[in-house]
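When a ligand or atom number is given, it counts from 1 through the structure's own listing order.
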Amino acid sequence: MEIKIALAGNPNSGKTTLFNDLTGSRQYVGNWPGVTVEKKEGKLKGAEYKDVVIQDLPGIYSLSPYTLEEVVSRTYLVTEKPDAIINIIDGTNIERNLYLTTQLLELNIPMIVALNMMDLVRKNGDKIDVKALSDALGCEVVELSALKSEGTDALVKKAVDLAKNKKKAEVKEVITGEAKAAVEKIEELLKGSVDDNFLRWNAIKAFERDEKAMEKLELSAARKSEIEEIIKACEKSLDDDSESIITNERYTYITGVTSKAVKKGRAKGELSV
Ligand code: GDP
Ligand code: K
Ligand code: MG
């Protein structure tokens, strides 16, 4: 049976470099349905992986509905349900890259983080505690230098294992406090209207008033207004709009993760010797 693994990450995280390394010349390029965003698919190199297809997703910073690339990526993930996600992140820019990671984890699809640019991280004198990062995210993290093909074999093996075992990430508390309580109330209201695996993701999207995600659920007007009441109450209490509330929760979580796992070496801009 064919195994599908999606490759997701920020622009310039090394996605193309990794994709080329993983698939060699076994690539098929087309367009995503209805849009002119490039769609690249490839087969993993190596006889033992002949049934493994890698789907390259457009480079994105978020799963919000504001760009074509974001919508293409999230629609693929939610409707095609790949067996696993490889989330490639730029190790020299962890904070920004983890913003997408927190959203991908909410999709409840088995995921592995490929911590790329490790050659540069080392050169900069930075230290990343991979075990601490992995514990904090609730999913496996492997070090990688896509440019130098270092760590690719271990990444592939682990990603394929994950896809076969369907082992999901441990759910971590990214959204906390009143926002979490509101999201959980919305989850109760959405039960039955969505695939259970995507309950959390849809509840957060509903809380953010993400129309594109919600129109797929075909909720009744009554249900929609119940959800709106929950959102309004939370916004009033936290004195912020719901989308910003979620963004703030993500960044608070990410700051906690990086304070545990990342030690910066030389300050940026300082000359290396
Ligand atoms: P994409 O936008 O995510 O597809 O990123 P690319 O694969 O195009 O990589 C962006 C840039 O980073 C290119 O110049 C790559 O050569 C470089 N790059 C990718 N991976 C690594 C890595 O592990 N180490 C270093 N030093 N550079 C890398
Ligand atoms: K690029
Ligand atoms: Mg690219």
Side-chain angles (χ1 to χ4, degrees), residues 4-32 35-45 53-64 66-77 82 84-105 111-130 133-134 140-159 258 261-262 264-266 268-272:
K4 273 188 295 189
I5 298 179
L7 182 56
N10 287 9
N12 292 317
S13 58
K15 241 160 31 64
T16 299
T17 309
L18 177 62
F19 184 77
N20 289 342
D21 193 28
L22 294 178
T23 61
S25 57
R26 306 164 54 135
Q27 299 185 4
Y28 315 90
V29 181
N31 277 314
W32 291 95
V35 293
T36 53
V37 178
E38 186 182 77
K39 180 177 190 190
K40 270 201 307 191
E41 219 174 74
K43 288 211 164 177
L44 266 190
K45 285 192 289 195
V53 172
I54 303 280
Q55 179 65 62
D56 188 32
L57 297 177
I60 47 171
Y61 295 107
S62 168
L63 292 177
S64 59
Y66 302 125
T67 70
L68 213 50
E69 286 78 6
E70 290 170 345
V71 174
V72 160
S73 296
R74 70 188 216 172
T75 303
Y76 173 83
L77 293 167
I85 298 171
I86 295 176
N87 172 211
I88 181 167
I89 68 175
D90 175 355
T92 67
N93 210 337
I94 288 197
E95 286 86 352
R96 191 172 70 181
N97 280 249
L98 286 181
Y99 188 69
L100 175 65
T101 304
T102 62
Q103 299 177 55
L104 291 170
L105 284 168
M111 185 166 110
I112 185 164
V113 168
L115 183 59
N116 194 31
M117 313 266 181
M118 282 308 294
D119 57 307
L120 289 180
V121 170
R122 292 192 191 103
K123 202 170 146 199
N124 292 341
D126 297 344
K127 294 260 181 303
I128 302 174
D129 182 339
V130 172
L133 186 58
S134 166
E140 215 163 345
V141 176
V142 295
E143 295 179 58
L144 186 73
S145 172
L147 188 66
K148 299 178 182 237
S149 268
E150 287 169 7
T152 329
D153 292 347
L155 170 66
V156 165
K157 191 177 179 312
K158 287 185 174 173
T258 54
V262 182
K264 288 281 177 192
R266 288 186 295 274
K268 271 217 171 89
E270 220 173 290
L271 286 175
S272 55

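Glu69 is linked by a salt bridge (charged side-chain N to carboxylate O under 4.0 Å, His left out) to nothing, counting only residues two or more places apart in sequence or in another chain. In this structure, Phe19 has no ring pair (Phe, Tyr, Trp, His ring centres under 6.0 Å) partners at least two apart in sequence or on a different chain.
For the residue pair Glu70 / Ser64, a side-chain donor-acceptor distance below 3.5 Å is found, with atom types taken as modelled. Donor-acceptor pairing under 3.5 Å is lacking for the side chains of Asp56 and Gln27. For the residue pair Ser13/Asp90, the side-chain donor-acceptor check at 3.5 Å is not satisfied.
Considering backbone and side-chain N/O atoms, Ala146 comes within less than 3.5 Å of an N/O atom of ligand 1. Checked by distance only, ligand 1 and Gly14 come closer than 3.5 Å through their nitrogen or oxygen atoms.
A heavy-atom separation below 4.0 Å is not found between Gly59 and ligand 1. Residue contact check for ligand 1: Asn10 places a non-hydrogen atom closer than 4.0 Å to it.
Checking side-chain atoms of Lys15 against main-chain N and O of Leu57 turns up a donor-acceptor pair under 3.5 Å.
Each of Leu18, Leu22, Thr16 was checked for a side chain to side chain contact (heavy atoms under 4.5 Å, CB included) with Asn20, and the lone residue meeting it is Thr16. Partner of Val113 under the side chain to side chain contact (heavy atoms under 4.5 Å, CB included) criterion, out of Val141, Leu105, Leu104: Val141 alone.
Numbered from 1 in the order shown, with element, the atoms of ligand 1 that lie under 4.0 Å from a heavy atom of Thr16 read 1 (P), 4 (O), 7 (O). Using a 4.0 Å cut-off to heavy atoms of Leu120, the atoms of ligand 1 that qualify are 26 (N). Residue contact check: Ser145 has heavy atoms under 4.0 Å from atoms 22 (C), 23 (O), 24 (N) of ligand 1. Near Lys15, with a cut-off below 4.0 Å to any heavy atom, the atoms of ligand 1 are 1 (P), 3 (O), 4 (O), 5 (O), 7 (O).
Heavy atoms of Leu147 found under 4.0 angstrom from ligand 1 belong to the backbone as well as the side chain. When heavy-atom distances to ligand 1 are checked against a 4.0 Å cut-off, Asn116 comes that close only through its side chain, counted from C-beta outward. Residue Asn12 touches ligand 1 through backbone and side chain together, judged by heavy-atom distances below 4.0 Å.
Coordination check, Asn12 versus the Mg ion (ligand 3): failed, since every N/O/S atom of the residue sits at 2.8 Å or beyond.
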